[in-house]
Amino acid sequence: MSAPTEPSEPAATRTAERTPAELSTTEAWLDPFDWYVEMREHSPVRYDESRDCFDVFRYDDVDRILHDPETFSSDPRNAPGLDLPPEEERSPLLETMLSTDAARHDRLRGVVEEWFRPRALAGRRERLESVAAGLLDDAVAGGEMDVIDEFAYPFPVIVIAELLGVPSDERPTFRRWSETLVEAPDGRTPEAMDDHRREQQRVSEELSAYFEEKLDARAVDRRGDLITVIADAEAAGELSRTEALGFCMLLLVAGNITTTNLIGNAVRCLTAHPEALARAERGDARLEPLIEEVLRYRSPVQALARFATEEVEIAGETVAEGDVVVPWIGSANRDPAAFDAPDEFRIDRAPNQHLGFGRGTHYCLGAPLARLETEIALTGLFDRATGIERATDELVPVRSAFIYGVTELPVEFERRA
Ligand code: HEM
C-alpha cells in the first residue's frame with residue numbers, strides 16, 4: 001500500500017507487533033470497547049498508516065473475511081510488504097496450520113485433529129478435574145488468591161504439557177516463552193521494536209531447540225503423547241522437521257495463554273456482575289452459555305491477521321493485493337447489528353454466534369479443550385468458594401496486539417465448608 005512513513009522501521013514490525021495508537025493506554029488495553037463503537041460507527045474499515053494495514057470492525061465484514069480464505073489468506077508470505085526474514089532465519093511458527101492455507105493447512109491440521117475432538121477429550125475429563133482440584137485446594141486455603149497466578153495460568157499449561165508429553169514443572173519457562181511471543185513491544189520507538197524482535201527471535205530459537213531434542217528422543221522412546229504423534233508423522237514423511245517443530249511450538253503457546261485469559265476474563269466478568277456470579281455460585285446457571293458469553297463479551301483473542309491475495313473491496317474501501325487486513329473479532333462480538341444489547345453481559349444469551357474462536361477453516365482447533373478446561377475450572381472454583389469479590393480495583397492488562405486479559409486478578413471469598 002502506501003510508502004513507509006518511518007524508513008528505519010521494517011513494515012513487518014509495524015503491522016505484526018504494534019497495537020493501534022488508540023490502544024496505547026492502560027484504560028484502553030483494559031476496555032477497548034468504546035473505541036470499537038466509534039470505529040464501527042464512523043470508520044468500519046480504516047487504513048492505519050503507522051501499522052500499514054486495514055482494520056475491520058463490523059461483524060458482517062469480519063465474518064466474510066474469515067469465510068473467504070482464498071481472498072484473505074493466513075499466510076504472511078502473501079504480503080510482500082511484510083519484509084519477512086530470509087527463509088533460513090524464519091521461526092518454525094510460520095510453518096504451522098495457523099499461517100498456511102488450503103491443502104497444506106488441511107494436511108497439517110489433520111495430523112492432530114482427532115486428539116482435540118470432544119469425544120477424545122471426554123476420556124481426559126477425570127485427569128483434568130484432578131489437576132484443577134489440586135491447584136484450587138492449595139489456592140483457596142487462605143481465603144484469597146490471585147486467580148491468574150495460582151490457577152488460570154498453571155491449569156491449562158499443565159494440561160497441554162501433559163498432552164504434548166513435556167514436564168509440566170518447566171512451566172515458568174513455558175510462561176516466559178509464551179508471553180514474549182504474544183506481548184507487544186515496550187514502547188513505540190524503533191529501538192524498542194528492535195529489542196522486541198530480537199527477544200522474540202531468541203525465544204523462538206530456544207523453543208525450537210527444546211522441541212528438537214524432544215522430537216529426537218521420541219524416535220527411541222515412544223509414548224502415547226502428542227509429540228509421539230508429531231514425530232511419527234515426521235518419520236512417515238507427512239511433516240518436515242520445521243513443520244514438526246512449529247507444530248509443537250504452536251500447541252504449547254496456543255494451548256495455554258488463551259485459556260488462561262478465558263478463565264481470568266470469566267472471573268473478571270462475574271465479579272463485575274454480582275447477580276450473575278451469585279447464580280453461578282449457587283449452581284443456578286448453566287456454565288456452557290456463560291462461557292460462550294465470556295468468549296463474546298471479553299474475547300481472549302481480540303484481533304487476527306489476513307493477507308489479501310487480490311484486490312478486493314470491504315465495505316467500500318479498496319484493499320490491494322498483498323495488503324494486510326486485521327479483522328477485530330473483539331469488536332465484531334460487540335456489534336449491535338449481530339447481537340441484541342451487545343454491551344450487556346447475559347449469562348444465558350441465546351443465540352450467541354460469537355467469533356471468539358474464529359470462523360471457517362482456521363476455527364480454533366483447541367475450542368473443545370478450552371471449553372472443557374473452563375467449565376472444570378469454574379465448577380471447581382464455585383465448589384470451594386462463595387462470595388467471590390475482587391480484592392483490588394487496579395487491573396493490569398496483558399499488553400498484546402491480539403491477546404486480551406489481565407496479568408493479575410486477586411480475589412477474596414469465603415471457603416465453602
Ligand atoms: C486457532 C482462539 C484455545 C489451538 C484459533 C483462532 C482463534 C483462537 C480466534 C483462529 C485463528 C485464525 O483464524 O487466524 C482461542 C481461544 C482459546 C483457544 C479464545 C481459549 C479460550 C486453544 C487451545 C489450543 C488452541 C487450548 C490447543 C491446545 C489452536 C490452533 C489454531 C487455533 C492450533 C489454528 C487452527 C487452524 O489454523 O486451523 N484459536 N484458542 N487454541 N487455536 Fe485456539
Side-chain angles (χ1 to χ4, degrees), residues 16 62-63 65-69 72-76 93-113 115-118 120-121 124 128 152-153 155-164 166 174 178 182 225-226 230 243 246-266 291-307 324-330 332-333 354-378 398 400 402-405:
V62 170
D63 190 42
I65 290 168
L66 299 185
H67 272 122
D68 183 1
F72 299 102
S73 157
S74 289
D75 189 338
L93 279 169
L94 261 180
E95 311 296 331
T96 68
M97 67 184 105
L98 197 59
S99 308
T100 49
D101 297 319
R104 183 163 180 217
H105 163 270
D106 298 351
R107 168 173 63 82
L108 293 170
R109 187 164 167 135
V111 172
V112 294
E113 207 156 31
W115 275 64
F116 289 93
R117 291 203 198 284
L121 293 170
R124 300 192 179 263
L128 266 61
Y153 178 71
F155 178 43
V157 100
I158 292 172
V159 171
I160 193 67
E162 286 188 2
L163 276 178
L164 273 167
V166 295
F174 299 156
S178 306
V182 304
D225 55 31
L226 269 171
I230 294 167
E243 286 173 339
F247 229 120
C248 299
M249 292 162 74
L250 173 67
L251 291 177
L252 182 68
V253 175
N256 71 77
I257 216 104
T258 46
T259 312
T260 299
N261 289 314
L262 178 56
I263 298 170
N265 292 354
I291 292 167
E292 297 310 302
E293 181 65 344
V294 177
L295 280 156
R296 182 193 72 82
Y297 188 80
R298 292 199 187 276
S299 317
V301 174
Q302 292 280 310
L304 303 173
R306 293 293 189 266
F307 312 97
V324 180
V325 176
V326 176
W328 285 86
I329 53 179
N333 283 339
H354 68 79
L355 303 176
F357 285 126
R359 269 281 159 88
T361 48
H362 290 275
Y363 182 81
C364 178
L365 174 78
L369 176 61
R371 287 183 168 121
L372 179 64
E373 288 174 323
T374 308
E375 185 223 307
I376 289 173
L378 294 180
V398 173
S400 165
F402 53 99
I403 297 285
Y404 175 74

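Positions are given from 1, in the same order as the sequence printed here. Just so you know, ligand 1 is whichever comes first in the structure, and atom 1 is the first atom listed for that ligand. All values reported here derive from a predicted model rather than from experimental measurement.
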Practice item. Mind running side-chain hydrogen bond (donor to acceptor under 3.5 Å, both in side chains) on Ser99 and Asp75 for me, showing each step along the way? Key: CA-CA 5 Å; Ser99 308; Asp75 189 338; over 6 Å; no
Exercise for review: Go through the steps to decide whether Arg124 and Glu162 satisfy the test salt bridge (Lys or Arg N to Asp or Glu O under 4.0 Å), and finish with yes or no.
Suggested key: CA-CA 11 Å; Arg124 300 192 179 263; Glu162 286 188 2; over 6 Å; no
For [X], atoms of ligand 1 separated by under 4.0 Å from a heavy atom:
X	value
Leu250	33 (C)
Leu262	21 (C)
His105	36 (C), 37 (O), 38 (O)
Ile160	28 (C)
Arg306	12 (C), 13 (O), 14 (O)
Thr361	38 (O)

Review point. Are any of the N/O atoms in Leu304 less than 3.5 Å from those in ligand 1?
Key: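 The answer is no, given that Leu304 and ligand 1 share no N or O pair closer than 3.5 Å.
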Exercise for review: Kindly write out the residues that satisfy ring pair (Phe, Tyr, Trp, His ring centres under 6.0 Å) with His105, not counting sequence neighbours, or none if the list is empty.
Suggested key: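 His362.
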Check your understanding: Sequence neighbours excluded, which residues qualify as ring pair (Phe, Tyr, Trp, His ring centres under 6.0 Å) partners of Phe72?
Key ->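 If we apply the ring pair (Phe, Tyr, Trp, His ring centres under 6.0 Å) test to Phe72, skipping adjacent residues, there are no hits.
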Review point. How about Val111 and Phe247: do any of their side-chain heavy atoms sit closer than 4.5 Å?
Key: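 Side-chain contact under 4.5 Å: yes.
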Practice item. State, with a plain yes or no, whether a side-chain heavy atom of Tyr297 is found less than 4.5 Å away from one of Asn333. Key: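 Result no, sub-4.5 Å side-chain heavy-atom pair not found.
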Of all the heavy atoms in [X], does at least one lie under 4.0 Å from an atom in ligand 1?
X	answer
Thr374	no
Arg371	no
Gly356	yes

Closest approach of any protein heavy atom to [atom], naming residue and atom:
atom	result
atom 34 (C) of ligand 1	Leu98 CD1, 3.5 Å
atom 35 (C) of ligand 1	Arg109 NH1, 3.4 Å
atom 10 (C) of ligand 1	His362 O, 3.4 Å

[X] to [Y] - nearest heavy-atom pair and separation:
X	Y	value
Ile329	Gly356	CD1-O, 4.1 Å
Trp115	Leu121	O-CD2, 3.7 Å
Glu373	Pro156	OE2-CA, 3.6 Å
Arg109	Tyr363	NH1-O, 2.6 Å

Review point. If you draw a sphere of radius 2.8 Å around atom 43 (Fe) of ligand 1, how many protein N/O/S atoms end up strictly inside it?
Key: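 Number of qualifying protein atoms: 1.
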Review point. How many angstroms lie between CG in Leu164 and CD1 in Ile230, if you round to the nearest 0.5 Å?
Key: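 It comes to 6.5 Å.
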Check your understanding: What pairs with Glu95 under salt bridge (charged side-chain N to carboxylate O under 4.0 Å, His left out), at least two apart in sequence or on another chain?
Key ->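 Residues passing salt bridge (charged side-chain N to carboxylate O under 4.0 Å, His left out) with Glu95: Arg77, Arg104.
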